[in-house]
Chemist: 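Following this message is one structure expressed as C-alpha cells.
The first residue in the sequence is number 1, and the count goes up from there.
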Amino acid sequence: METWKKFVLIAVLIAGALLVYIPHYNYGYPLHVDEWNLISEMRIVQNEGFQYLVTHPVESGFVFSLYILDLFFSIILFYKFLPLLNFVMVSLVLFYFLNKNYGYWQGVFAIVFFASLKSNVNILGNWFFVPIVFAILFIYSYLFNLEESLEKKKSLYLSALFLFLIAFIHPSSFLVLAIVGFVYYGINHKKVRKSYLNLWPFLFLLIPVLLVILYFGDFSELVSRLVWLPFVNTKVQFTPLIYGILASLFGILGFYLTLKRKELLGFRIYVSISLISIVGFWLLEKSFFSSYQRYLYHFMSGAVVFSAIGLYEFLKFVFVNLNKYRNELRVSVLVLIVLITGIVLFQNYGENYPGTEIYHLIDDSDYDALLFLKDYDLKYVPHRFYLDSAEVISSRDVAVVSYAISNKASAGFVSPYSLEEAFIAMQFFDKDCDFKEGFLDKYEHINYVYSYEKIECSFLREIYRNDKVFLYERIKN
C-alpha cells in the first residue's frame with residue numbers, strides 16, 4: 001500500500017474515532033444504563049467466581065471481556081475509551097475484508113459510512129460499548145468468512161468460531177446470524193451436500209444453546225423471550241431517514257450490483273432479514289428473535305458494506321463517462337462528489353429525538369462517595385438485581401451505578417424495566433423520620449442512606465459528606 005493511501009486510511013480512522021469520542025470528552029464515566037448494569041454483572045463475577053458466567057450465560061462473553069479489561073485498567077474510568085477502541089477495531093475489520101475482496105476505496109468508504117451511523121440511547125450505536133456494538137466486530141468477521149466457507153475449510157471453521165463467540169456476547173444477534181447461515185447454506189444446498197461433513201464445527205453451537213435453555217429452565221419462558229414488544233421511547237421511523245437518504249441510495253445500488261454479480265449473499269440475507277423484521281414491526285408492533293431497535297442496528301451495519309460498494313461504483317461510472325475531459329477535471333469531480341457525500345452523511349450527526357438524549361447518571365462527587373462506601377464496609381452481600389439484596393437506599397440514578405462502584409446494591413434501582421423501586425426511594429426521601437424508620441425496619445438489610453440533602457434523624461449517623469452527597473449509616477438497636 002502506498003504511503004499516501006496509508007495516510008488517508010489513518011486520517012479517516014482518526015476522524016471517525018474522534019466523532020465517537022465526542023460524547024465522552026467532558027464526562028469520565030459510562031453513558032448508558034446498560035453499560036453500568038454490565039459492569040455490575042462483572043463485579044458479581046469478581047466477587048463470586050466464574051461459575052456465575054456458566055449459570056448466567058446471557059451476554060456472559062461480554063461480561064468476561066470486561067473482567068479481562070479490569071485486570072489491566074480501572075474499568076469504570078477506562079470505559080469512556082472503549083467505544084473509540086471498538087470503532088477502530090470494527091473499522092479495521094471492515095477495511096481488511098473489503099480491501100481484500102474489492103479494493104482500497106471500498107474499504108475506506110465503508111469506514112466513513114460506519115462512522116456516520118446514528119447513535120442514541122435507544123438504538124445504541126458507536127457512542128456506547130454494549131454487547132450488540134461489540135458483537136458487530138464478530139458479525140462482520142462471520143459474514144465475510146461465510147462467503148468463502150464452502151470453498152475454504154479455514155473460512156468455514158472461522159465462521160463457526162465467530163458465531164460461537166456471538167452466542168455468548170449477544171444471544172439475540174446469534175439467533176439472527178444463525179438464521180442467516182441456515183438460509184445461506186439452504187440456498188447453496190448442492191454444495192453443502194458434497195461437503196456436509198465439513199460442517200461439524202457448527203455442532204459446538206449447541207453448547208451456548210443448551211446453557212441458555214438451562215438458564216431459563218421453563219421452555220415456555222424461553223419461547224416467550226423470542227417475541228419482542230416495543231421498548232419505552234420506541235419511535236418508529238422510515239428506515240432510510242435513520243440511516244440517511246443518500247446512504248440508502250448508495251446502499252440500494254450496491255445491493256443491486258452484488259445481487260447481479262452473485263456476491264455477498266450472506267450480507268444480502270442479513271440486510272433482508274433485518275429489513276423484513278423492521279417492516280413486520282411496523283405492521284404487528286412486535287418482532288421475533290430480536291427487538292426493533294436491534295434490527296435497525298443490524299440493518300444499518302449490513303447496509304454499510306453495500307453503501308461503500310455503491311458509492312465506489314457510482315464514482316467509477318462518473319469517471320468513465322467523463323472520459324472526454326482531462327484527468328485532472330475528472331478527479332476533481334470525484335473529489336467533489338465524495339466531499340458532498342461526506343457533508344450530507346454527517347450534517348445531522350448527533351441529533352436525537354426527545355427521550356433518547358445522552359444522560360449523565362453521576363458526577364465526580366457521586367463517584368467519590370461510592371468509593372468511600374466501598375472501602376468503609378468490606379462486607380459482601382450477593383447481588384441478584386432484586387430488592388432483598390440492597391444495602392443502600394438512594395435516588396434511581398445513583399442506584400443504577402451503586403453496585404458497580406461500591407459493591408453495594410441500592411433499593412432505588414433493581415431492574416431497568418421496573419420503576420417500582422425508584423418510587424419507593426422517592427417516598428423514603430420525601431417523608432419524615434417516622435416513615436424512614438418504619439421503612440428501614442421493614443427492610444432490615446438496608447444499612448446506608450445516600451442523600452443529596454442533610455437528614456436529621458436519630459437512627460442515622462453521618463459517615464461521609466462532600467459538596468453534594470451525605471452518607472448515613474443506620475444505627476440499629
Side-chain angles (χ1 to χ4, degrees), residues 30 32 34-72 75 79 82-83 85-86 89-90 93 124 128-146 149 155-182 199-217 219 221-223 225-226 228 266 270 289-291 293-295 297-298 301 384-385 404 416:
H32 198 280
D34 289 353
E35 295 173 328
W36 285 108
N37 287 338
L38 289 157
I39 295 173
S40 294
E41 291 214 47
M42 183 208 70
R43 295 292 185 219
I44 296 175
V45 176
Q46 290 176 330
N47 288 314
E48 301 180 26
F50 292 114
Q51 67 270 15
Y52 179 83
L53 294 178
V54 178
T55 57
H56 296 74
V58 176
E59 298 178 350
S60 58
F62 185 87
V63 175
F64 179 71
S65 300
L66 295 183
Y67 178 93
I68 297 299
L69 286 169
D70 196 54
L71 295 175
F72 303 96
I75 193 67
Y79 216 97
L82 293 180
L85 294 173
N86 188 68
M89 289 191 299
V90 174
V93 166
L124 302 176
F128 311 98
F129 189 63
V130 289
I132 188 172
V133 179
F134 182 44
I136 288 297
L137 176 71
F138 303 98
I139 289 172
Y140 282 143
S141 301
Y142 164 73
L143 289 172
F144 278 114
N145 278 285
L146 187 66
S149 63
S155 295
L156 187 143
Y157 296 158
L158 287 173
S159 296
L161 173 62
F162 290 127
L163 192 56
F164 182 83
L165 294 174
I166 293 166
F168 285 103
I169 294 169
H170 194 241
S172 70
S173 291
F174 163 74
L175 290 173
V176 175
L177 272 297
I179 294 170
V180 171
F182 184 80
L199 298 178
W200 65 265
F202 288 99
L203 292 174
F204 285 101
L205 298 177
L206 291 173
I207 295 173
V209 171
L210 290 173
L211 285 173
V212 170
I213 290 173
L214 290 172
Y215 171 68
F216 284 105
F219 188 72
E221 170 70 11
L222 175 61
V223 172
R225 294 296 185 97
L226 301 180
W228 293 76
Y270 178 51
F289 305 117
S290 195
S291 68
Q293 286 88 339
R294 304 302 165 257
Y295 274 121
Y297 190 68
H298 284 304
S301 298
R384 289 296 181 272
F385 300 97

Chemist: Let's go through V45 and F64 carefully: what are the C-alpha distance in whole Å and the side-chain angles of both, what is the deciding distance for side-chain contact (heavy atoms from CB on, under 4.5 Å) to 0.1 Å, and is it a yes or a no?
Modeler: CA-CA 8 Å; V45 176; F64 179 71; over 6 Å; no

Chemist: Just verifying a value: how many Å separate L158 CG and L163 CG, rounded to the nearest 0.5 Å?
Modeler: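 If I round to the nearest 0.5 Å, the distance is 12.5 Å.
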
Chemist: Between the side chain of N47 and the main-chain N/O of R43, is any donor-acceptor distance below 3.5 Å?
Modeler: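 Flag set: sc N47 to bb R43 pair under 3.5 Å.
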
Chemist: Tell me every residue that passes ring pair (Phe, Tyr, Trp, His ring centres under 6.0 Å) with F168, counting only those two or more places apart in sequence or in another chain.
Modeler: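 F164.
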
Chemist: Can you name the closest pair of heavy atoms from F202 and A160 and give their distance?
Modeler: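 Distance-wise, the nearest heavy atoms are CE2-CA, 3.7 Å.
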
Chemist: Just by modelled atom types, is the S149 backbone N or O under 3.5 Å from a matching donor or acceptor in the S159 side chain?
Modeler: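 No, S159 side chain to S149 backbone: no donor-acceptor pair under 3.5 Å.
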
Chemist: Can you label the angle between the Y140 ring and the F144 ring as parallel, tilted or perpendicular, going by 30° and 60°?
Modeler: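 Answer is tilted, since the angle falls between 30° and 60°.
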
Chemist: Do H170 and F62 make the cut of ring centroids closer than 6.0 angstrom?
Modeler: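 No, they do not, as the ring centres are separated by 6.0 Å or more.
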
Chemist: Atom OG in S301, atom CD1 in I136: separation rounded to 0.5 Å?
Modeler: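 The CD1 atom of I136 is 3.5 Å from OG of S301, to the nearest 0.5 Å.
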
Chemist: Of all the heavy-atom pairs spanning P57 and L211, show the shortest one and how long it is.
Modeler: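 Between these two residues, the closest heavy atoms are CG-O, 3.6 Å.
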
Chemist: Looking at every heavy atom in both G181 and L146, which two are closest together, and how far apart are they?
Modeler: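 That would be CA-CD2, 4.3 Å.
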
Chemist: Please round to the nearest 0.5 Å and tell me the distance separating atom NE2 of H56 and atom CD of E48.
Modeler: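 It comes to 8.5 Å.
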
Chemist: Using atom types as modelled and distance alone, determine if a side-chain donor or acceptor of N145 lies under 3.5 Å from a backbone N or O of S141.
Modeler: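 Answer holds: yes.
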
Chemist: Using the rule given for side-chain contact (heavy atoms from CB on, under 4.5 Å), can you reason through Y295 versus V176, listing the C-alpha separation, both sets of side-chain angles and the distance that settles it, and then say yes or no?
Modeler: CA-CA 9 Å; Y295 274 121; V176 175; 3.7 Å; yes

Chemist: Can you label the angle between the F162 ring and the F138 ring as parallel, tilted or perpendicular, going by 30° and 60°?
Modeler: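 Answer is tilted, since the angle falls between 30° and 60°.
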
Chemist: Flag the pair P201 / L156 as yes when at least one side-chain heavy-atom distance between them is below 4.5 Å, and no otherwise.
Modeler: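 Yes, close enough: below the 4.5 Å cut-off.
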
Chemist: So, for N86 and F134, which heavy atoms are closest and what is the spacing to 0.1 Å?
Modeler: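 Heavy atoms only, the tightest pair is OD1-CD1, 3.5 Å.
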
Chemist: Heavy atoms only: give me the nearest L143-G266 pair and the separation to one decimal.
Modeler: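 Heavy atoms of L143 and G266 come nearest at CD2-O, 3.9 Å.
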
Chemist: What is the ring orientation for H298 with Y270, classed by angle as parallel under 30°, tilted 30 to 60°, or perpendicular over 60°?
Modeler: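 Rings of H298 and Y270: perpendicular, as their planes differ by over 60°.
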
Chemist: Look up atom OH in Y67 and atom CD1 in I44, then write down how far apart they are to the nearest 0.5 Å.
Modeler: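 Taking OH in Y67 and CD1 in I44, the distance rounds to 14.0 Å.
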
Chemist: Under the 3.5 angstrom rule, does the side chain of Y297 hit a backbone N or O of L124 as a donor-acceptor pair?
Modeler: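 Checking the backbone N and O of L124 against the side chain of Y297, no donor-acceptor pair under 3.5 Å is found.
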
Chemist: Hey, is the main chain of H32 close enough, under 3.5 Å, to the side chain of E35 for a donor-acceptor pair?
Modeler: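 At least one qualifying donor-acceptor pair exists.
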
Chemist: Evaluate the side-chain proximity of V54 to S60: yes if any heavy-atom separation is below 4.5 Å, no if none is.
Modeler: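 No - every pair of side-chain heavy atoms lies 4.5 Å or more apart.
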
Chemist: Does any part of the side chain of I139, heavy atoms only, come nearer than 4.5 Å to the side chain of S173, both counted from C-beta?
Modeler: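 The answer is yes; the side chains approach within 4.5 Å.
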
Chemist: Taking all non-hydrogen atoms of both residues into account, name the closest pair between L82 and L66 and its distance.
Modeler: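 Shortest heavy-atom separation between L82 and L66 comes out as CD1-CD2, 4.4 Å.
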
Chemist: Rounded to the nearest 0.5 Å, what separates atom CD1 in I39 from atom CG in L69?
Modeler: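 Going from the CD1 atom of I39 to the CG atom of L69 covers 10.5 Å.
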
Chemist: Within the side chain of D34, is there an N or O that forms a donor-acceptor pair under 3.5 Å with the backbone of V130?
Modeler: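 No; judged by distance alone, with no hydrogens or angles, the pair does not exist.
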
Chemist: Quick check against the 3.5 Å criterion: does Y79 have a side-chain atom that pairs as donor or acceptor with the backbone of F129?
Modeler: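 Yes, because the side chain of Y79 sits within donor-acceptor range (under 3.5 Å) of the backbone of F129.
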
Chemist: A side-chain contact here means heavy atoms from C-beta on lying under 4.5 Å apart; do P171 and E59 qualify?
Modeler: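 Yes. Closest side-chain heavy atoms under 4.5 Å.
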
